[in-house]
Enquirer: 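First the structure, then my questions, so here it is.
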Amino acid sequence: MQIDRTLKKVSGLGAIQGQELGFGNVFSDHMLVREWVNGEWGQPMITPRAPIPVEPSALGIHYGQSVFEGLKAYRGSQDQTLRLFRPDRNAARLEASSTRLCIPTLSTEEFIECICQLVAADAEWVPREREHALYVRPMVFASEGHLAVRPASRYQLVITTAPVAPYFSSRSRALRLKAESRFTRAAPGGTGSAKTSGNYAPTLRPMAAAAEEGFDQILWLDAQEHAFAEEAGQMNIFFRIGDEVVTPELSGTILPGVTRESVLTLLEDWGIKASTRRISMTELLEASDDGSLLEIFGAGTAAVIASVASISHLGHEITAAPVSGDSLGGRLREALLGIQYGEIADPHNWVRLVS
Ligand SMILES: *Cc1c(COP(=O)(O)O)cnc(C)c1O
């Protein structure tokens with residue numbers, strides 16, 4: 001696939017020195033755009049990052065026919081080589097999300113090629129510090145202007161990148177979650193398993209309320225009974241109960257995280273029993289009370305593994321017993337980072353080099 005390139009004459013990298021990267025405060029020099037029109041994808045173009053003209057009646061903005069992805073490019077600790085982590089899984093998920101939203105799909109190889117070339121164009125933007133990375137945000141939205149609620153005839157793929165600092169630093173304290181008993185994120189038959197724009201704005205108000213009550217994140221519960229744990233904000237949730245690790249099964253209301261899948265594979269590699277099943281708040285409360293709830297952690301590309309201290313549910317506190325020695329969450333975090341930064345073996349061929 002031929003990708004047109006118009007590169008910036010002077011990089012903006014010099015201008016951001018000393019600026020707080022945070023997570024999305026700063027964007028790199030280039031973006032990739034590609035249009036879908038007349039039933040096919042046109043040629044991708046890498047251009048200087050700039051605002052894109054949007055048709056005011058674009059179906060993507062009005063009705064939310066839009067999907068996105070999130071992955072990172074890492075700079076090897078020793079070899080400085082740029083790596084992507086399982087981009088084929090992001091490609092597969094983008095395809096599944098697109099299919100759910102009647103959006104045209106891209107082949108896995110084209111998706112990866114677009115990202116590799118864009119990251120290569122902004123290679124200098126991939127941070128040198130460990131746990132920092134270049135976040136890659138592909139998105140596809142319906143760009144045709146119309147009023148009817150129907151699939152659009154034009155779409156735009158836009159890929160932008162942003163150098164980011166750790167989402168939560170390894171030194172930050174464990175999170176406090178509020179189990180949300182009123183609002184829901186996803187219902188059976190809905191779009192919970194798709195990374196689609198419409199799933200996120202409805203979480204803003206419950207998240208703001210939780211933050212006002214002093215919580216860091218929400219633990220979403222099932223929509224029907226508000227009785228089962230589903231997801232922690234934009235992370236998948238794991239519980240270590242006794243000698244077993246459990247995470248909710250992919251039932252259609254849970255986002256199939258690449259980190260989640262990788263954690264399950266690592267646990268299997270290590271001979272640790274891991275199950276995917278429904279987990280009730282009653283079970284968690286009992287495990288908390290009898291001391292068998294040993295760890296709670298969230299998993300996602302942005303945060304890698306984020307330790308959770310407690311979950312507040314209808315006036316009850318679910319807390320993980322303080323771990324002595326190394327936590328499993330910490331071990332998983334180090335294994336994932338080790339593979340991503342090229343420090344340890346990659347037995348499952350998860351890494352794709354940017355070349
Ligand atoms: C993206 C996302 C995740 C994490 O997925 P990863 O592929 O591990 O980054 C989990 N939950 C939600 C709701 C998400 O949007």
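Read the numbers this way: they start at 1 and go in the same order the structure lists the ligands and their atoms.
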Enquirer: Give the residue and atom name of whichever protein heavy atom lies nearest to atom 9 (O) of ligand 1, and the separation in Å to one decimal.
Expert: Thr301 OG1, 2.6 Å

Enquirer: Would you mind running through ligand 1 and noting each atom that sits below 4.0 Å from a heavy atom of Tyr200?
Expert: 13 (C), 14 (C), 15 (O)

Enquirer: Does Gln117 reach the side chain of Met1, with side-chain heavy atoms less than 4.5 Å apart?
Expert: no

Enquirer: Counting from 1, what ligand 1 atoms have a heavy atom of Arg93 closer than 4.0 Å?
Expert: 5 (O), 6 (P), 7 (O)

Enquirer: Under the salt bridge (Lys or Arg N to Asp or Glu O under 4.0 Å) criterion, do Glu144 and Arg150 qualify, and how do the steps go?
Expert: CA-CA 11 Å; Glu144 182 203 358; Arg150 59 145 173 79; 2.9 Å; yes

Enquirer: Would you say Thr105 and Ser98 are linked by a side-chain donor-acceptor pair, where the criterion is simply a distance under 3.5 Å?
Expert: no

Enquirer: For Glu20, is the CD atom crowded, meaning more than 12 foreign heavy atoms sit under 6.0 Å from it?
Expert: no

Enquirer: Provide, to 0.1 Å, the distance between atom 3 (C) of ligand 1 and the closest protein heavy atom, together with that atom's residue and name.
Expert: Gln234 O, 3.3 Å

Enquirer: Short list, please: which atoms of ligand 1 are under 4.0 Å from a heavy atom of Gly257?
Expert: 5 (O), 6 (P), 7 (O), 8 (O)

Enquirer: Using a distance-only test with no angle check, is there a side-chain donor-acceptor pair under 3.5 angstrom linking Ser275 and Glu244?
Expert: yes

Enquirer: Side-chain contact test, heavy atoms from C-beta onward, threshold under 4.5 Å: evaluate it for Val258 versus Glu261 and give yes or no.
Expert: no

Enquirer: Answer with yes or no whether the side chains of Arg86 and Ser262 bring together a donor and an acceptor at under 3.5 Å.
Expert: yes

Enquirer: Once you restrict to heavy atoms under 4.0 Å, what part of Val258 touches ligand 1? Side chain, backbone, both or neither.
Expert: both

Enquirer: Can you tell me which residue and heavy atom of the protein come closest to atom 11 (N) of ligand 1, and the distance to 0.1 Å?
Expert: Glu231 OE1, 2.5 Å

Enquirer: Below 4.0 angstrom from a heavy atom of Arg185, which ligand 1 atoms are there? Numbered from 1 as shown, please.
Expert: 13 (C)

Enquirer: Taking Asn199 for its side chain and Ala186 for its backbone only, find out whether a donor-acceptor pair lies under 3.5 Å.
Expert: no

Enquirer: In the protein, which heavy atom is nearest to atom 8 (O) of ligand 1, and how far is it?
Expert: Thr259 OG1, 2.6 Å

Enquirer: Among all protein non-hydrogen atoms, which one is nearest to atom 1 (C) of ligand 1, and what is the separation to 0.1 Å?
Expert: Lys195 NZ, 1.4 Å

Enquirer: Using a 4.0 Å heavy-atom cut-off, which part of Arg89 comes near ligand 1: side chain, backbone, both, or neither?
Expert: neither

